[in-house]
Chemist: 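Take this structure first; my questions come after.
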Amino acid sequence: FEGKFFNNRLGVDFSIYDKRSRDLIIEQQLAPESGSEITFSNVAEVSNKGIELGLNFSPIKSKTNGFSWDVSAQFSNNKNIVESLGFGVKETQIDGFSWLGNFAVPGEPYGVIMSNSIRRDANGNYIVGSDGNYLSNEENTIIGDPNPDWKSTVINELSYRDITFG
């Protein structure tokens with residue numbers, strides 16, 4: 001939906017989307033006896049759902065002295081989920097080091113941060129070893145999501161004749 005009102009002094013732009021991207025290229029490990037370590041395959045699938053809202057408002061538009069004030073604001077909310085990485089692939093690293101970085105994991109947001117983490121007992125308490133140090137998990141676990149819950153911005157633009165600040 002897009003609309004302009006009151007002699008273009010108020011504008012609204014609203015979008016809702018639900019997009020599924022298929023056949024995305026990912027790096028896959030090969031058996032060492034193949035003579036190569038990796039190959040690239042078009043097998044990944046990611047879904048994106050969200051909204052975008054933009055507002056434009058001109059509180060002051062003077063025709064006599066050339067002064068104007070325009071305000072624009074944007075808000076967006078996007079949720080992306082890795083749907084599939086192909087047959088038998090449980091995760092693939094997209095950035096970072098071998099034990100720490102951003103990964104694509106089916107069922108999780110794209111780019112989750114994975115690393116080793118501290119072990120916990122059934123009650124969620126950290127487990128401390130006999131040497132007094134925390135025990136770490138043997139495998140990488142998800143420790144964070146770099147994707148924001150939402151994004152927004154507001155821009156003010158002030159103009160006087162041929163000079164614009166903003």
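Quick note: numbers below take in every heavy atom, side chains included, and nothing from hydrogens, waters or symmetry partners.
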Chemist: Once ring-ring contact (aromatic ring centres under 6.0 Å, His included) is applied, do any residues pair with Y134, and if so which ones, sequence neighbours excluded?
Modeler: Y126
Chemist: Would you find more than 12 non-hydrogen atoms of other residues, nucleotides or ligands less than 6.0 Å from N7 atom CG?
Modeler: no
Chemist: Starting at CG of D23, measure out to OG of S41 and round the result to the nearest 0.5 Å.
Modeler: 11.0 Å
Chemist: Take Y160 and N65 through the test side chain to side chain donor-acceptor pair (under 3.5 Å) and record every step on the way to the result.
Modeler: CA-CA 8 Å; Y160 180 69; N65 67 8; over 6 Å; no
Chemist: Mind jotting down which residue pairs meet the side chain to side chain donor-acceptor pair (under 3.5 Å) criterion with at least one end in residues 79-96? Sequence neighbours excluded, please.
Modeler: S47-E83
Chemist: Would you give the length of the straight line joining atom CG of N48 to atom NZ of K19, rounded to the nearest 0.5 angstrom?
Modeler: 9.0 Å
Chemist: How far does CD of E45 sit from CZ of R20, to the nearest 0.5 angstrom?
Modeler: 5.0 Å
Chemist: Could you grab the distance from atom OG of S115 to atom CD1 of I143, nearest 0.5 Å is fine?
Modeler: 4.5 Å
Chemist: Are the side chain of D145 and the backbone N or O of N147 linked by a donor-acceptor pair below 3.5 Å?
Modeler: yes
Chemist: Output, in order, the C-alpha distance, side-chain angles, deciding distance and verdict of side chain to side chain contact (heavy atoms under 4.5 Å, CB included) for D13 and E52.
Modeler: CA-CA 8 Å; D13 187 359; E52 294 179 353; over 6 Å; no
Chemist: Check whether N156 reaches the backbone of W69 with its side chain - one donor and one acceptor, N or O, closer than 3.5 Å.
Modeler: no
Chemist: Considering non-hydrogen atoms only, spot the tightest contact between I113 and L100 and give its length.
Modeler: CG2-CD1, 4.4 Å
Chemist: Could you check whether any side-chain heavy atom of I142 comes within less than 4.5 Å of a side-chain heavy atom of F103, counting everything from C-beta outward?
Modeler: no
Chemist: What is the minimum heavy-atom distance between V82 and V105, and which atoms define it?
Modeler: CB-O, 3.4 Å
Chemist: List the atom of F57, the atom of P59, and the distance in Å for their closest heavy-atom pair.
Modeler: O-CD, 3.4 Å
Chemist: Mind jotting down which residue pairs meet the salt bridge (Lys or Arg N to Asp or Glu O under 4.0 Å) criterion with at least one end in residues 116-128? Sequence neighbours excluded, please.
Modeler: R119-E138
Chemist: Please give me the minimum heavy-atom distance between L85 and V43, naming the atom from each residue.
Modeler: O-CG2, 3.4 Å
Chemist: Does D131 have more than 12 heavy atoms from other residues, nucleotides or ligands lying within 6.0 Å of its CG?
Modeler: yes
Chemist: Is there a path from I155 to L53 through hydrophobic residues (I, L, V, M, F, W, Y) whose side chains come within less than 4.5 Å of each other?
Modeler: no
Chemist: Please tell me whether I16 and V12 are part of a single hydrophobic cluster in this structure, the criterion being side-chain heavy atoms less than 4.5 Å apart.
Modeler: yes
Chemist: For the residue pair I81 and P109, what are the closest heavy atoms and their distance?
Modeler: CD1-N, 4.1 Å
Chemist: Rounded to the nearest 0.5 Å, how far does CD1 of I51 lie from OH of Y17?
Modeler: 8.5 Å
Chemist: Working to the nearest 0.5 Å, report the span between CZ of F1 and OG of S15.
Modeler: 11.0 Å
Chemist: Taking S58's backbone N and O only, do any of them form a donor-acceptor pair with R9's side chain (distance below 3.5 Å, no angle check)?
Modeler: yes
Chemist: Cluster question for you: counting only ILVMFWY and a side-chain heavy-atom cut-off of under 4.5 Å, with indirect links fine, are I38 and I25 together?
Modeler: yes
Chemist: Give a yes or no on whether F6 atom CZ has more than 12 heavy-atom contacts from other residues, nucleotides or ligands under 6.0 Å away.
Modeler: no
Chemist: When clusters are formed by joining ILVMFWY residues with side-chain heavy atoms under 4.5 Å apart, either directly or through shared neighbours, do I60 and L158 land in the same one?
Modeler: yes
Chemist: Closest heavy-atom contact between N140 and M114?
Modeler: O-CE, 3.8 Å
